[in-house]
Amino acid sequence: MGSDGIERVAKLFPTVNLTDTERRIVTYLLDETGDNARISIRDVAQRCYTSMTSVTRVAKKLGYAGFREMVYGLHLNEMGRRDSILSSSELRASLVYRNEHLQRFYGYLDTRELIGVKGEGYSHLISEYIQTKLLGRGFPVVEQSYLDADQFIHSLGPRLSMMIVISKSGTTPAMVRIVDECKEHRIPLAAFVGNEHSPVADAADMLFLVEDDQPLDSANVEPGSFTGCCILAFERLLFKYQTAWRVKGESAHGAPVDVRSAQRRMRKP
């Protein structure tokens, strides 16, 4: 077992004191993750030159109920590690955007000024998630849920750096109203929508088109991909922001955007 295997196991289980044989078992299971569904405890024992009792012992030591639970748990962990290495092609599998829109979106995040969030119906669950996620990362966020669109913008509009709206169809009347208010008051609008040809999408300054495998289900009552893909897409954008934008001081696609100047230009009468 090389140093890479030892390091991987140590990162996964930093508080567990494993013997060389036990580390070899875990490393083997991680390396053979593609065949883990069919692998047996006897196979692992033979490949690692140990006993089946030792394999069961390491499973218990790692907190799993038994061998099969350990195999499944390590498989999920390895798949999660691979999925966290995000390429632009993986990101675009469920999300389509223009590079300049992404730069602008990250630029508004960088201002650390107030962000508004709005979603209706099932998209309200997404807006709540985004609000909670951003608050957890230290961004000032407020969700438009109880106040009418005009009251919300009248009260908070001058303080908003941008408004994030989420709409599967892009045609919901409540969403169109908040979008119209944002445009009237020149508040930058970031839209996560499933329908590219909609009033919300047309009005967006930053458009993020989310995969929707049920485009005719405007009420979002059928099982579909939009809600899950939207949350996943936002998580990936936030990951990309932390790793590419904040670390390098620039977007992954170019130089930082002068957001404050852009805001002043947008709000000029």
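Keep in mind that the numbers below use all heavy atoms, side chains included, and drop hydrogens, waters and symmetry copies. Owing to the predicted nature of the structure, the values given are computational and were not obtained by experimental measurement.
Annotation: salt bridge (Lys or Arg N to Asp or Glu O under 4.0 Å) contacts involving residues 125-136, sequence neighbours excluded, comprise Lys133-Glu235.
Proximity of a side-chain donor or acceptor of Thr27 to a complementary backbone N or O of Arg24 within less than 3.5 Å is not detected. Remark: side-chain polar atoms of Lys118 are not paired, donor with acceptor, to backbone N or O of Ser145 under 3.5 angstrom.
The heavy-atom pair separating Ile153 from Pro158 by the smallest distance is O-CD, 4.0 Å. When all heavy atoms are compared, the tightest approach of Leu189 to Cys182 is CD1-SG, 4.1 Å. Shown here for Glu22 and Val58, the closest heavy-atom pair between the two residues is CB-CG2, 3.7 Å. Between Ser161 and Tyr108, the shortest heavy-atom distance links the atoms O-CD2, 3.7 Å. Minimum interatomic distance between Met70 and Ala59 (heavy atoms only, all atoms of both residues): SD-CA, 3.5 Å.
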Show which side-chain atoms of residues 194-204 pair as donor or acceptor with protein atoms under 3.5 Å away, not counting sequence neighbours.
unit_1: Asn195; atom_1: OD1; unit_2: His197; atom_2: N; d: 3.0
unit_1: Asn195; atom_1: ND2; unit_2: Ser169; atom_2: O; d: 3.2
unit_1: Asn195; atom_1: ND2; unit_2: His197; atom_2: O; d: 3.4
unit_1: Ser198; atom_1: OG; unit_2: Asn195; atom_2: O; d: 2.8
unit_1: Ser198; atom_1: OG; unit_2: Ala201; atom_2: N; d: 3.3

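Taking Phe105 as the reference, Phe208 meet the ring pair (Phe, Tyr, Trp, His ring centres under 6.0 Å) condition, with sequence neighbours excluded.
Arg177 has no carboxylate O lying under 4.0 Å from a charged side-chain N of Asp180, or vice versa, which leaves the two without a salt bridge. Taking the charged nitrogens against the carboxylate oxygens, Asp205 and Lys183 do have a contact shorter than 4.0 Å, which makes a salt bridge.
Note that the CD atom of Glu211 and the SG atom of Cys230 stand 11.5 Å from one another [nearest 0.5 Å].
Environment of OH in Tyr122: sparse, with no more than 12 heavy atoms of neighbouring residues, nucleotides or ligands closer than 6.0 Å.
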